[in-house]
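One structure is given here, and the rest of the page talks about it.
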Amino acid sequence: MNIFVANLNFKLQEDELLDLFENFGEVTSAKIIIDRETGRSKGFGFVEMDNDDEANSAIADLNGQEVHGREMVVKQAEERPRRERRF
DNA sequence: TGTGAGCGA
């Protein structure tokens with residue numbers, strides 16, 4: 001399951017995000033979105049968990065939790081249409 | 001600060 005994590009503090013790193021979700025189960029990957037123009041965090045990220053049950057548990061528990069002074073929002077992410085167009 | 005950068009195996 002792709003998990004969308006928003007309202008993150010800029011000082012939050014992927015390692016911290018990964019560690020938070022690893023407490024609920026196996027985490028496939030954790031990624032903090034960085035603005036390539038500014039080189040800084042966009043304030044949100046994504047976490048992939050193979051186990052949907054563990055993912056939902058993590059979402060239910062981590063959503064609204066305060067980390068580094070900010071309450072992060074954890075929801076199921078939308079399917080991002082990756083550019084596979086080969087026209 | 002709210003739906004994704006990365007170009008290489």
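For clarity, every value in this text was computed on a predicted model and none was experimentally measured. Per chain, numbering begins at 1; letters A, B, ... match sequence-line order.
- Per the geometry, CD belonging to A/Glu79 stands 12 Å off C1' belonging to B/dT3, to the nearest Å.
- One interatomic measurement links the two molecules: CD of A/Glu71 to C1' of B/dG2, which rounds to 15 Å at whole-angstrom precision.
- Hydrophobic cluster membership for A/Met49: A/Met1, A/Ile3, A/Val5, A/Leu8, A/Leu12, A/Leu17, A/Leu18, A/Leu20, A/Phe21, A/Phe24, A/Val27, A/Ile32, A/Ile34, A/Val47, A/Ile59, A/Leu62, A/Val67, A/Met72, A/Val74 (Ile, Leu, Val, Met, Phe, Trp, Tyr linked by side-chain heavy atoms under 4.5 Å, directly or transitively).
- For A/Ser29, the side-chain contact (heavy atoms from CB on, under 4.5 Å) partners at least two apart in sequence or on another chain are A/Glu48.
- Contacts with DNA chain B (heavy atom under 4.0 Å) in residues 36-55 of chain A: A/Arg36, A/Lys42, A/Phe44, A/Phe46, listed by number.
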Full working for side-chain contact (heavy atoms from CB on, under 4.5 Å) between A/Asn7 and A/Phe44: CA-CA 6 Å; A/Asn7 201 30; A/Phe44 66 94; over 6 Å; no

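- Whole-Å rounding puts the A/Met1 CE to B/dG4 C1' distance at 18 Å.
- At whole-Å resolution of the value, CD1 in A/Ile34 and P in B/dT3 are 15 Å apart.
- One finds the CD atom of A/Glu37 at 12.5 Å from the CZ atom of A/Arg40 (value rounded to the nearest 0.5 Å).
- Between A/Glu14 and A/Lys75, it is A/Lys75 whose nearest contact on DNA chain B lies nearer the 5' terminus.
- As rounded to whole Å, 15 Å separates atom P of B/dT3 from atom NZ of A/Lys31.
- Between A/Asn63 atom CG and B/dG2 atom P the separation is 16 Å, expressed in whole Å.
- Atom OG of A/Ser41 sits about 11.5 Å away from atom NZ of A/Lys11, to the nearest 0.5 Å.
- Residue A/Ala6 has its side chain nearest to B/dG2 when only B/dT3, B/dG4, B/dG2 are considered.
- Here A/Ile32 lies in heavy-atom contact (under 4.0 Å) with a base.
- Heavy-atom minimum distance, A/Glu14 versus A/Lys31: OE2-CA, 3.6 Å.
- Computed from coordinates, the A/Ile59 CD1 to B/dT3 C1' distance equals 14 Å when rounded to whole Å.
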